[in-house]
Novice: 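Below: one structure in structure tokens.
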Amino acid sequence: ERNMYFQLPPAAYRNDPAFRIAIPGAGIAEEQFLYSTKWIDVTKTFVRTILYYGDPGSVWYPGEAPDLNFKFEPNVDLYAGTVITLKLPGFTVSSTTVFMAAPETALSNEYDVSGFLKTGEWNPFTEELKLTVPVGNAIIRRLNVMRIRAVGNAGFMLPITSLEKDDPMLRISVDGNQFIYEEQIQSSPRIVRRTFLVSEFEYRPPIKESIFLFIMRLKPAVNITYPADIVINLPGFRNSLSKQKIEITGPSRAYIKD
């Protein structure tokens, strides 16, 4: 074929699995071309993938259930029948069907896909959320947005373990009527347990019922600000002078009110 004004896609893989052939009349089922040319240097990918919880910039902790927001911009169009898979290890939801909702704030440069992509399918065993583009629609090369609201038991619960900022375990891929190989979600917030990363209590000398010097080293996983109190339980310990207040010294003394 030549001079019929076909245009190449904006991106492709060598031996792209999206290019397929079938001859039903001869009994040849649909299959991938054994060879196809990669004609440009641009590989299929996502220009932007952004996952965040609740409002932008808000802080959430393991085990909480905020709204789940996802923005994504593929560099190829995703046609009807295409399946977008989000790998969300540690996330849980009470139903295998999740419902999309419009974003809280509509922006002119973002496109809300909940108008035609009403639901997604959650697999609790593989911890994957699958979104299938319905017949008669397509997700095109622009910044698309989706939201899953946390209403009653309908929303996602965050993992009970911590997630790093831009955690590589959170991943996205595309298959079905278009293919984008699995890659990391580019932007996601840190989810950290409210605990101490370091908590050391040392006393000198370590002799029963003796007066001692104690040294405490603490490193919290989250900021501790006024007026939060640090409560330390020391059962069996006593102050020989029955003092209500004790003197504290050390490099971090300035952070303690009394």
Side-chain angles (χ1 to χ4, degrees), residues 44-60 64-124 126-159 163 165-191:
K44 292 180 182 180
T45 186
F46 286 91
V47 180
R48 285 178 285 179
T49 47
I50 305 166
L51 178 68
Y52 64 96
Y53 320 112
D55 297 326
S58 60
V59 178
W60 296 86
E64 295 184 328
D67 291 353
L68 187 147
N69 300 274
F70 185 58
K71 300 183 179 184
F72 60 103
E73 180 182 355
N75 69 346
V76 291
D77 295 338
L78 308 182
Y79 308 107
T82 298
V83 180
I84 304 167
T85 300
L86 300 180
K87 287 192 173 181
L88 304 173
F91 286 68
T92 57
V93 66
S94 60
S95 174
T96 56
T97 300
V98 297
F99 294 88
M100 305 297 151
E104 288 282 356
T105 304
L107 300 177
S108 59
N109 62 336
E110 298 179 354
Y111 185 77
D112 172 26
V113 298
S114 68
F116 62 87
L117 193 59
K118 302 293 186 181
T119 62
E121 295 301 315
W122 173 252
N123 187 324
T126 61
E127 298 177 322
E128 293 177 344
L129 176 64
K130 292 186 178 291
L131 310 168
T132 303
V133 181
V135 174
N137 295 278
I139 294 175
I140 65 173
R141 290 172 288 154
R142 58 188 170 193
L143 187 59
N144 302 275
V145 298
M146 52 168 273
R147 180 167 69 107
I148 300 172
R149 295 186 61 197
V151 179
N153 295 325
F156 274 96
M157 180 179 292
L158 297 176
L163 290 174
K165 179 175 171 58
D166 308 331
D167 198 301
M169 294 192 302
L170 305 175
R171 307 188 69 81
I172 183 172
S173 62
V174 170
D175 60 13
N177 206 19
Q178 181 60 281
F179 284 84
I180 299 178
Y181 295 145
E182 184 178 294
E183 60 184 65
Q184 177 186 340
I185 293 176
Q186 298 166 10
S187 175
S188 61
R190 186 184 183 204
I191 300 296

Novice: Enter the distance from Met169:CE to Leu163:CG here, rounded to the nearest 0.5 Å.
Specialist: 5.0 Å
Novice: Side chain of Asn144, backbone of Arg142: donor and acceptor closer than 3.5 Å?
Specialist: yes
Novice: Could you tell me whether Glu121 and Lys130 make a salt bridge, using a distance below 4.0 angstrom between a side-chain N and a carboxylate O?
Specialist: no
Novice: Between OG1 of Thr49 and CD of Gln186, what distance do you get to the nearest 0.5 Å?
Specialist: 3.5 Å
Novice: Please enumerate all residues that pass side-chain hydrogen bond (donor to acceptor under 3.5 Å, both in side chains) together with Ser173, with sequence neighbours excluded.
Specialist: none
Novice: Can you find a heavy atom in the side chain of Thr82 that is under 4.5 Å from one in the side chain of Thr132?
Specialist: no
Novice: Look only at the side chain of Asp55 and the backbone of Ser58, and say whether a donor-acceptor pair between them is shorter than 3.5 Å.
Specialist: no
Novice: Less than 4.5 Å apart, any side-chain heavy atom of Tyr181 and any of Val174?
Specialist: no
Novice: Return the CG to CG distance between Leu170 and Leu88, rounded to the nearest 0.5 Å.
Specialist: 6.5 Å
Novice: Could you walk me through whether Leu68 and Arg147 pass the side chain to side chain contact (heavy atoms under 4.5 Å, CB included) test, one step at a time?
Specialist: CA-CA 6 Å; Leu68 187 147; Arg147 180 167 69 107; over 6 Å; no
Novice: Could you check whether any side-chain heavy atom of Pro189 comes within less than 4.5 Å of a side-chain heavy atom of Tyr53, counting everything from C-beta outward?
Specialist: yes
Novice: Find the distance between CE (Met146) and CG (Leu117) and round it off to the nearest 0.5 Å.
Specialist: 7.5 Å
Novice: Can you name the nearest heavy-atom pair linking Asp112 to Ala101, along with the distance?
Specialist: OD1-O, 4.2 Å
Novice: Calculate, to the nearest 0.5 Å, the distance between atoms CG and CD1 belonging to Leu78 and Ile84 respectively.
Specialist: 5.0 Å
Novice: If I compare all heavy atoms of Ile180 with all of Glu183, which pair ends up nearest, and what's the gap?
Specialist: CG2-OE1, 4.0 Å
Novice: Hey, which of Leu86, Leu129, Ile148 is the one that makes side-chain contact (heavy atoms from CB on, under 4.5 Å) with Trp122?
Specialist: Leu129
Novice: Considering non-hydrogen atoms only, spot the tightest contact between Arg141 and Asp77 and give its length.
Specialist: N-OD1, 3.2 Å
Novice: May I ask you to test the Tyr111-Ile140 pair for a side-chain heavy-atom distance under 4.5 Å?
Specialist: no
Novice: Has the side chain of Asn69 got a donor or acceptor atom that lies under 3.5 Å from a matching backbone atom of Gly54?
Specialist: yes
Novice: Checking salt bridge (charged side-chain N to carboxylate O under 4.0 Å, His left out) for the pair Glu127/Lys87: CA distance, chi angles, key distance, verdict?
Specialist: CA-CA 6 Å; Glu127 298 177 322; Lys87 287 192 173 181; over 6 Å; no
Novice: Which pair of heavy atoms, one from Asp166 and one from Ser187, lies closest together, and at what distance?
Specialist: OD1-CA, 3.2 Å
Novice: Any sub-3.5 Å donor-acceptor pair from Asn137's side-chain atoms to Phe116's backbone N or O?
Specialist: no
Novice: Do Phe91 and Val93 have side chains that get closer than 4.5 Å, going by heavy atoms?
Specialist: no
Novice: Please name the pair of heavy atoms, one in Leu158 and one in Ile191, separated by the smallest distance, quoted to 0.1 Å.
Specialist: CD1-CD1, 3.9 Å
Novice: Roughly how far, to the nearest 0.5 Å, is CD of Glu73 from OG1 of Thr45?
Specialist: 10.5 Å
Novice: What closest approach, in Å, do Asp67 and Ala150 show between heavy atoms, and which atom pair accounts for it?
Specialist: OD1-N, 2.7 Å
Novice: In a check of side-chain contact (heavy atoms from CB on, under 4.5 Å) between Phe72 and each of Ile139, Val47, Leu51, Ile50, which one passes?
Specialist: Ile139
Novice: Regarding Lys71 and Glu110, does a basic nitrogen lie under 4.0 Å from an acidic carboxylate oxygen?
Specialist: yes
Novice: Checking Lys118 against Met100 for the side chain to side chain contact (heavy atoms under 4.5 Å, CB included) test, could you report, in this order, the C-alpha distance in whole Å, the side-chain angles of both residues, the deciding distance, and whether it holds?
Specialist: CA-CA 5 Å; Lys118 302 293 186 181; Met100 305 297 151; 5.9 Å; no
Novice: Going by heavy atoms in the side chains, are Val145 and Val113 under 4.5 Å from each other?
Specialist: no
